[in-house]
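The structure appears right after this line, and notes come after that.
In this chain, residues are counted from 1 in sequence order. Excluded from the calculations below are hydrogen atoms, water molecules and symmetry mates; all remaining heavy atoms, backbone and side chain alike, are included.
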Amino acid sequence: MIQDIAATKDIFKTLVHSISPLIYGNEFVKAGLTLALFGGTPKFTGEKNKLPIRSESHVLVVGDPGMGKSQMLMAVNKISPRGVYVCGGYASTTGLTVTLLREGGSGDYSLEAGALVLGDQGCCCIDEFDKMPTEHAALLEAMEQQSVSIAKAGIVCNLPARTSVIAAANPVGGHYTKARTVCENLKMGSALLSRFDLIFILEDRPDSEKDRFISNHVISMHAKTKDTLIKPTTTTQRSTSLNLPSSQLTQLGIGGDSASSGSSGRRESLKSYFQIKPTDNIDPIPASLLRKYIGYARKFCQPKLSNEACVRIQDFYIKLRKEYKSPEGTPITTRQLESLVRLAEARAKLELSEEVTLNHARDVIAIMTESIFMSHEDATGMVDFTRGGVGGISKKKTVQAFVHILSKESTRNGPSYTRQQLQTIHKNSALSSENFNELMDLLSIHGFLLKGRDNTFNF
């Protein structure tokens, strides 16, 4: 039965649509969750005193209420061979990591494992991730070092927590605002967000055609009939994903050939590959059988990177660093490079393949690019890499911070400044990494600076 599933035509597409079939669309999110379930290949550094290298991927789903985040997390927890589900509003630091208890009779201390330790070699699904701000520090060690350490009451120990953290969060105010960065929308530190391999943004945008298909899909699922289910067309479902500029896709090298191969050998884009066409007959795999398939793949399949996949992933990483490296922020680091390797190994593992091919690397690069562009899209719909990715501050916050600095300077030196003086103030401030010319334009547009006839600026 396991080999029959692996030999299924378009196995990646079938697995993606087997995760929470009730949720319409969001194929890239489901693809990221699928890769996190399979995980990468465990590795160790050196020959002596081997140190484990993280092979589990972490995924964060941020979106407006009612987008099906909790249902997708419940579905992942159900099909995971070893899964733990917790809600952030009712989770404590000790409940996530480990608890030290004193036994009543003997007075000895005992350890009680938390959610991250119980999810070892599995996944830990954390819902309402934004409702636990004081517990975020406890996740830093577990997400990167894959262990939980404790030093209390004379007990010093280190417990394994090799788990994939899959979290869902709601933005501050109940609605995601593109004018803010991901950090500002979640009120969360960049140190924690940078540990997630994939970050997906889900927005509830009114669309009459899309709403018609969603309502028909939900009603058909509840009615337990497929007679009224309208198969979405290619044009309709393409609107459910982020529309990326073709020029940026070409620069990143993931144009129309970055997809899985069909029966005819013609490569389609990964976005159209996930779409269910009227001629497709996708039969979702039952959760009980899918759990066994994932457990078999994680235990017996350990794929390795091929030379073509190594070159493709390295070229993508170098191109991103070259094209978008700027003083304002870098959207990708070596941590994301390791994420690409883990995701590529998971992409090969779901086919029970012992080698990561070039097609596997292309699929993972397309998913990673979608995630990066989602987290960098601004309010105008354009991709702004100068916002520092999941970290940094938005342009509005930058203007407010510089206005606060100028208000202090004006009380000591007066309200009139030359452009050279403003540039010196900007250079000596904590905002020196921001683009000065762009900041001056924003200050002029919002009326904070007025240019005089003698080329001076009045605050």
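- Annotation: side chain of Lys131 is in contact with side chain of Asn170 (closest heavy-atom distance under 4.5 Å).
- Note on Glu144 versus Arg54: salt bridge recorded, some NZ/NE/NH1/NH2 to OD/OE distance being below 4.0 Å.
- Looking at residues two or more places apart in sequence or on another chain, you find a side chain to side chain contact (heavy atoms under 4.5 Å, CB included) between Gln314 and Ile318.
- Nearest heavy atom pair, residue Ala344 against residue Ile313, reads CB-CD1, 4.0 Å.
- A pairwise comparison of heavy atoms in Leu352 and Ala6 identifies CD1-CB, 3.6 Å as the closest pair.
- Closest of all the heavy-atom pairs between Ala191 and Arg335 is O-NH1, 4.3 Å.
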Let me check something: any side-chain donor-acceptor pairs from residues 77-86 under 3.5 Å, sequence neighbours excluded? List them with distances.
unit_1, atom_1, unit_2, atom_2, d
Asn77, OD1, Val84, N, 3.2
Ser80, OG, Arg82, N, 3.4
Ser80, OG, Arg82, O, 3.2
Arg82, NE, Leu118, O, 3.1
Arg82, NH1, Asp120, O, 3.1
Tyr85, OH, Asp127, OD2, 2.9

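- A pairwise comparison of heavy atoms in Val356 and Glu345 identifies CG2-CA, 3.9 Å as the closest pair.
- Looking at heavy atoms from C-beta onward, Leu202 lies in side-chain contact with Val29 at the 4.5 angstrom threshold.
- Looking at Ile285 and Thr8, their side chains never come closer than 4.5 Å, going by heavy atoms from C-beta outward.
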Practice prompt. Report the C-alpha distance between His360 and Leu350 in whole Å, list the side-chain angles of each, state the deciding distance to 0.1 Å, and finish with yes or no for side chain to side chain contact (heavy atoms under 4.5 Å, CB included).
Written response: CA-CA 10 Å; His360 297 155; Leu350 64 87; over 6 Å; no
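- For the ring pair (Phe, Tyr, Trp, His ring centres under 6.0 Å) condition, the pairs that include at least one residue of residues 110-166, sequence neighbours left out, are Phe129-His136, Phe129-Phe196.
- The backbone N or O of Val62 sits nowhere less than 3.5 Å from a side-chain atom of Lys69 that would complete a donor-acceptor pair.
- Here the shortest heavy-atom pairing between Met132 and Leu96 reads CE-CD1, 3.3 Å.
- A donor-acceptor contact closer than 3.5 angstrom links the side chains of Arg342 and Ser339.
- Shown here for Leu33 and Ile166, the closest heavy-atom pair between the two residues is CD2-CG2, 3.5 Å.
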